[in-house]
Amino acid sequence: MRTQVAIIGAGPSGLLLGQLLANSGISNIVLERATRDHVLGRVRAGVLEQGTIDLLDEADAAQRLRGKGLRHEGISLAFGNRLHRIDIADLTGGKGVMVYGQTELTRDLVDKRELAGLTTVYEALNVEPHGFGGEAPSVAYEKDGVTHHIHCDFIAGCDGFHGISRKSVPEAAIKTYERAYPFGWLGILAEVPPAHHELIYASHPKGFALCSMRSTHRSRYYVQCPIDDKVEDWSDDRFWDELRGRLPPEAAAHVVTGPSFEKSIAPLRSFVAEPMRFGRLFLVGDAAHIVPPTGAKGLNLAASDVRYLYWGLREVYQEKSEAGIDAYSEKALSRVWKAVRFSWWMTSLLHRFPDAGDFGRRIQEAELDYLVHSRAASASLAENYVGLPY
Ligand code: APR
Ligand code: PHB
């Protein structure tokens, strides 16, 4: 088999890249380890920057999002028993974000890919990128017990943090940076109207909480929890009590409870691998970097990598220039590190750290107070929240 770009992984990175390339006449095959149902069932964050929406538009995959996404022009920080609104639109010259679940976005991209008749191999096992240091890379995989080889010009490693692409690179050629946080997020989805019309990020002596949503009748809530808690430890009742206990009365009073239909605990981590290009292999999205979900940058960073790589590959095929792919790693990493910083900062500001001590907590309180009373500080938060320029 031969294709121009072999894409490993059918997460948002792989699917979006595949769609953009195909629309520009660049052939690609997506190899995915999991089943189609698994890919479509994953629940993740749900806040899109304008730049991400623009790219989805360019991929002609933003129709449903435009109809169903919720535009938000502010967020609230909750601390000291009250809500403090950050007027994002006012602080950024009219910008906002779109609340639209990654699950829905993945569905849109899968539908689009299938409608266009593009090849996705699900349950592709033992995927292995080969020869990316030279001129003739290939990707081997097994399907139904048979080994196949895809010969290609380039390999896009869109296979997430646990994927094979980053692991295929010689250790000496890659440098990684990592920070693990000493807590997790317990998240639930419930078919109940959201407590508030915008997102609430709450800092409370009992820990962080987040009120988010998927629609006007579906809510997504999170509470900070000990890293080794098990989902079974958390009944719905316990979750709702904990959530309400961490919100100011004006928000807690509007929490509508109901049975959860998804409940999971996620660890929080910051991780960056440098560089993001190894000859004809490119790392994209979670394969190269992870951010904690505070600020919802994961998917948006994946989209910005895709944008840089797509531009670069288009230049290769349409203009016979390698300038774009040569600049890929540096450009992508420059944006990645700023989002890594922002996510780390929001996480540090809003969570309870076991070893922070009284001094650390008073510093957090002072920073929150400064943040909501200084236009310069609020503007910095808003500018990062809507997404830094490309
Ligand atoms: N072979 C083939 N596919 C693989 C392999 C492998 N060895 N390893 C992982 N995969 C697949 C996974 O099953 C998954 O479908 O690669 C895909 C990676 O998808 P994501 O983890 O969603 O990563 P990415 O597409 O970069 O999306 C980034 O999604 O993960 C969230 O929070 C993250 O919002 C961010 C965004
Ligand atoms: C979500 O809706 O899942 C969400 C929203 C904002 C975040 C993280 C997650 O910062």
Side-chain angles (χ1 to χ4, degrees), residues 6-18 29-48 52 70 72 75 97-106 109-110 120-129 139-143 155-168 185 187-189 194 198-201 208-215 218-222 262 264 266 268-269 271 276 283-306 309 339 342-343 346-347 350 384-385:
I7 299 175
I8 308 177
S13 302
L15 292 169
L16 180 54
L17 179 66
I29 293 176
V30 172
L31 296 174
E32 166 60 50
R33 183 173 54 189
T35 62
R36 183 177 177 278
D37 283 353
H38 181 85
V39 166
L40 290 172
R42 281 191 294 236
V43 176
R44 290 202 172 128
V47 177
L48 308 183
T52 303
L70 304 171
H72 284 200
I75 57 169
V97 293
M98 186 79 93
V99 176
Y100 188 70
Q102 189 170 312
T103 314
E104 285 68 37
L105 185 75
T106 307
L109 289 166
V110 166
T120 310
V121 183
Y122 292 101
E123 298 174 83
L125 302 180
N126 297 321
V127 171
E128 276 181 19
V139 182
Y141 70 96
E142 281 170 39
K143 172 84 182 171
I155 303 171
C158 302
D159 47 352
F161 182 69
H162 300 287
I164 187 67
S165 301
R166 194 181 67 249
K167 289 182 198 138
S168 308
W185 274 21
I188 67 155
L189 270 173
E198 292 174 344
L199 271 58
I200 300 175
Y201 290 87
F208 169 80
L210 170 60
C211 304
S212 182
M213 64 192 74
R214 290 292 173 267
S215 66
R218 183 173 288 187
S219 299
R220 178 78 168 149
Y221 291 112
Y222 300 92
E262 201 272 343
S264 52
L268 273 72
R269 156 184 11 236
F271 173 88
M276 287 171 59
L283 301 182
V284 183
D286 276 20
H289 42 75
I290 296 280
V291 290
T294 333
K297 289 292 164 223
L299 173 61
N300 293 297
L301 272 190
S304 77
D305 293 352
V306 166
L309 184 55
F342 176 67
S343 310
M346 262 192 103
T347 304
L350 295 168
N384 281 278
Y385 198 81

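Whatever order the structure lists them in is the order used to number ligands and atoms, beginning at 1. The analysis underlying the following values was restricted to heavy atoms, covering all of them including side chains, and did not include hydrogens, waters or symmetry mates.
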Distance-minimising heavy-atom pair for Cys158 and Ile7: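 Looks like SG-CG2, 3.9 Å.
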Do you know the tightest heavy-atom contact between Thr103 and Arg42?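 Heavy atoms of Thr103 and Arg42 come nearest at OG1-O, 2.8 Å.
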Of all the atoms in ligand 2, which lie at a distance below 4.0 Å from a heavy atom belonging to [X]?
{"X": "Arg214", "answer": "1 (C), 2 (O), 3 (O)"}
{"X": "Val47", "answer": "5 (C), 6 (C)"}
{"X": "Gly46", "answer": "1 (C), 2 (O), 3 (O)"}

Report yes or no: is the cationic atom of Lys297 (NZ for Lys, CZ for Arg) closer than 6.0 Å to the six-membered ring centre of Tyr385, at no more than 45° off its axis?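 Here Lys297 passes the 6.0 Å and 45° test against Tyr385.
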Between Gly295 and ligand 2, is there a nitrogen or oxygen pair with a distance under 3.5 Å?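 So ligand 2 has an N or O lying under 3.5 Å from an N or O of Gly295.
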Counting only nitrogen or oxygen atoms and a 3.5 angstrom limit, does Ala296 reach ligand 2?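 By distance alone, the answer is yes.
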Going by distance alone, is a donor N or O of one side chain under 3.5 Å from an acceptor N or O of the other, for His162 and Asp286?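 Looking only at side-chain atoms, Asp286 and His162 do not form any donor-acceptor pair under 3.5 Å.
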Any donor-acceptor N or O pair under 3.5 Å, side chains Glu262, Ser264: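 Indeed, the side chains of Glu262 and Ser264 share at least one donor-acceptor pair under 3.5 Å.
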Out of Tyr221, Tyr222, Tyr100, Tyr201, whose heavy atom is nearest to atom 3 (O) of ligand 2?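 When every heavy atom of Tyr221, Tyr222, Tyr100, Tyr201 is considered, Tyr222 comes closest to atom 3 (O) of ligand 2.
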Where on Leu199 is there a heavy atom closer than 4.0 Å to ligand 2, on the side chain, on the backbone, on both, or on neither?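 Only the side chain of Leu199 comes within reach of ligand 2.
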Hey, is Ser212 touching ligand 2 through its side chain, its backbone, both or neither, going by heavy atoms under 4.0 Å?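 The answer is the side chain of Ser212.
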Checking a contact table here: which protein heavy atom is nearest atom 8 (C) of ligand 2, and how many Å away?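 Nearest neighbour among protein heavy atoms for atom 8 (C) of ligand 2, to 0.1 Å: Pro293 O, 3.3 Å.
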Tabulation required: pairs of a nitrogen or oxygen in ligand 1 and a protein nitrogen or oxygen under 3.5 Å; columns are atom names and distance to 0.1 Å; otherwise 'none'.
{"unit_1": "ligand 1", "atom_1": "3 (N)", "unit_2": "Arg33", "atom_2": "N", "d": "3.1"}
{"unit_1": "ligand 1", "atom_1": "8 (N)", "unit_2": "Arg33", "atom_2": "NH2", "d": "3.3"}
{"unit_1": "ligand 1", "atom_1": "13 (O)", "unit_2": "Glu32", "atom_2": "OE2", "d": "2.6"}
{"unit_1": "ligand 1", "atom_1": "15 (O)", "unit_2": "Glu32", "atom_2": "OE1", "d": "2.6"}
{"unit_1": "ligand 1", "atom_1": "15 (O)", "unit_2": "Glu32", "atom_2": "OE2", "d": "3.2"}
{"unit_1": "ligand 1", "atom_1": "15 (O)", "unit_2": "Arg42", "atom_2": "NH1", "d": "3.1"}
{"unit_1": "ligand 1", "atom_1": "15 (O)", "unit_2": "Arg42", "atom_2": "NH2", "d": "2.8"}
{"unit_1": "ligand 1", "atom_1": "22 (O)", "unit_2": "Arg44", "atom_2": "NH1", "d": "2.8"}
{"unit_1": "ligand 1", "atom_1": "25 (O)", "unit_2": "Pro12", "atom_2": "N", "d": "3.2"}
{"unit_1": "ligand 1", "atom_1": "25 (O)", "unit_2": "Ser13", "atom_2": "N", "d": "2.9"}
{"unit_1": "ligand 1", "atom_1": "25 (O)", "unit_2": "Ser13", "atom_2": "OG", "d": "3.2"}
{"unit_1": "ligand 1", "atom_1": "26 (O)", "unit_2": "Ser13", "atom_2": "OG", "d": "2.7"}
{"unit_1": "ligand 1", "atom_1": "26 (O)", "unit_2": "Asp286", "atom_2": "N", "d": "3.0"}
{"unit_1": "ligand 1", "atom_1": "29 (O)", "unit_2": "Gln102", "atom_2": "NE2", "d": "2.8"}
{"unit_1": "ligand 1", "atom_1": "30 (O)", "unit_2": "Arg44", "atom_2": "NH1", "d": "2.9"}
{"unit_1": "ligand 1", "atom_1": "30 (O)", "unit_2": "Asp286", "atom_2": "OD2", "d": "2.7"}
{"unit_1": "ligand 1", "atom_1": "34 (O)", "unit_2": "Gln102", "atom_2": "OE1", "d": "2.9"}
{"unit_1": "ligand 1", "atom_1": "34 (O)", "unit_2": "Leu299", "atom_2": "N", "d": "3.0"}

Between Ser168 (side chain only) and Ile164 (backbone N and O only), is there a donor and an acceptor less than 3.5 Å apart?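 Side chain of Ser168 to backbone of Ile164: a pair is present.
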Check: Gly46 main-chain N/O paired with Gln102 side-chain donor or acceptor under 3.5 Å: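 Side chain of Gln102 to backbone of Gly46, a donor-acceptor pair under 3.5 Å: no, none is there.
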Evaluate the side-chain proximity of Thr294 to Leu268: yes if any heavy-atom separation is below 4.5 Å, no if none is.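 They are in contact (side-chain heavy atoms under 4.5 Å apart), so the answer is yes.
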Do Leu70 and Tyr100 have side-chain heavy atoms sitting under 4.5 Å apart?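 Side-chain contact under 4.5 Å: no.
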Relative to the ring of Phe161, is the ring of Phe271 parallel (under 30°), tilted (30 to 60°) or perpendicular (over 60°)?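 Answer is perpendicular, since the angle exceeds 60°.
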